[in-house]
Amino acid sequence: MSFALRSARLAALARPSIRMVQSRGYADEMAFTLAAANKVFYDSANIRQVDVPSFSGAFGILPKHVPTLAVLKPGVVTVYENDGAVKKIFVSSGTVTVNEDASVQVLAEEAHPVEDLDSSACRELLSNAQTQLSSASGDKDRAEAAIAMEVAEALVKASE
């Protein structure tokens with residue numbers, strides 16, 4: 001195959017992806033959903049920005065963010081609403097998905113507003129997790145205790 005023919009073929013193959021990016025409908029708004037088993041906090045709400053903790057690092061999401069899928073780690077999701085209000089919600093784990101249509105979903109195993117966290121109860125939970133970790137005997141028990149410890153440490157940090 002000649003160089004010109006290969007170049008034309010590659011250009012033709014590249015065009016659909018260029019069109020897809022151009023038609024992606026970059027908007028200045030994003031529909032945001034944050035839900036957990038215990039509560040739906042946002043359901044396709046219009047917000048300015050959301051910051052999420054993930055295992056690959058914490059990152060902020062704005063309306064023109066590239067499509068992304070990440071695993072949440074225990075920590076605080078910070079939501080910047082259009083009216084200037086800032087809401088902080090603790091999440092234990094879950095996923096965050098940024099879709100091509102600029103919508104964002106945070107699906108958490110468990111979530112609670114930071115202002116509802118009791119710092120002394122969080123410290124007690126951390127103490128119990130430390131005890132559980134030090135007394136764990138098998139691999140499964142150690143793994144479960146390590147997860148409980150990670151969540152408890154994040155809870156203490158969020159509550160202070």
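As the structure is a prediction and not an experimental result, all values here were calculated from the model. When a residue number appears, it is its place in the shown sequence, counting from 1.
Residues forming a side-chain contact (heavy atoms from CB on, under 4.5 Å) with Leu117 (at least two apart in sequence, or on another chain): Phe90, His112, Cys122, Leu155, Ala158, Ser159. The side-chain contact (heavy atoms from CB on, under 4.5 Å) search around Ser134 returns none, not counting sequence neighbours. Residues forming a side-chain contact (heavy atoms from CB on, under 4.5 Å) with Glu124 (at least two apart in sequence, or on another chain): Asn128. Residues satisfying the side-chain contact (heavy atoms from CB on, under 4.5 Å) test with Ala85, not counting sequence neighbours, are Glu81, Asp83.
Listed for the Thr131 side chain is a donor-acceptor partner under 3.5 Å among the backbone atoms of Ser127. Looking only at distances, no side-chain donor or acceptor of Asp51 sits under 3.5 Å from a matching main-chain atom of Thr78.
Separating the CD1 atom in Ile147 from the OG atom in Ser92 is a distance of 10.5 Å, to the nearest 0.5 Å. Atoms OG and CZ, from Ser44 and Phe32 in turn, are 10.5 Å apart once rounded to the nearest 0.5 Å. Within the model, atoms OH of Tyr80 and CG of Leu62 stand 10.5 Å from one another, a figure rounded to the nearest 0.5 Å. The distance from atom OG of Ser103 to atom CE of Met30, rounded to the nearest 0.5 Å, is 10.0 Å. Glu153 contributes atom CD, which lies 7.0 Å from atom CD of Gln130 (distance to the nearest 0.5 angstrom). Taken to the nearest 0.5 Å, the CD atom of Glu115 stands 7.5 Å off from the NZ atom of Lys87.
The pair Lys39-Glu110 does not meet the salt-bridge criterion, since no charged nitrogen lies less than 4.0 angstrom from a carboxylate oxygen.
Linking ILVMFWY side-chain heavy atoms closer than 4.5 Å, directly or via other members, places Phe41 and Ile61 in a single hydrophobic cluster. Cluster annotation: Met149 and Val156 are assigned to the same hydrophobic cluster (Ile/Leu/Val/Met/Phe/Trp/Tyr, side-chain heavy-atom contacts under 4.5 Å, transitive). At a threshold of 4.5 Å between side-chain heavy atoms, the hydrophobic network of Ile, Leu, Val, Met, Phe, Trp and Tyr places Phe59 and Val50 in one connected group.
Taking every heavy atom of both residues into account, Leu133 and Ala146 meet most closely at CD1-N, 3.9 Å. The shortest heavy-atom contact between Val98 and Val66 is CG1-O, 3.6 Å. Listed here is the closest heavy atom pair of Lys73 and Ser54: CD-O, 3.7 Å. Residues Ala102 and Pro63 come closest through the heavy atom pair CB-O, 3.5 Å. Nearest approach of Ala154 to Gly75, heavy atoms of both residues: CB-N, 4.1 Å. Of all the heavy atoms in Lys88 and Val76, the pair that sits closest is CB-CG1, 3.7 Å.
Counting side-chain heavy-atom gaps under 4.5 Å among Ile, Leu, Val, Met, Phe, Trp and Tyr, the cluster of Phe55 also holds Val71. Through ILVMFWY side-chain contacts below 4.5 Å, Leu69 is grouped with nothing and stands alone.
Using a 4.5 Å heavy-atom threshold, the side chains of Ile89 and Tyr42 count as touching. Taking the side chain as every heavy atom from C-beta outward, Glu160 and Arg123 approach each other to under 4.5 Å. Between Leu72 and Val106, the closest side-chain pair of non-hydrogen atoms falls below 4.5 Å.
Residues Gln105 and Asn99 bring a donor and an acceptor atom of their side chains to less than 3.5 Å of each other.
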Val104/Val96 under side chain to side chain contact (heavy atoms under 4.5 Å, CB included): CA gap, chis, key distance, verdict: CA-CA 7 Å; Val104 178; Val96 57; 4.2 Å; yes
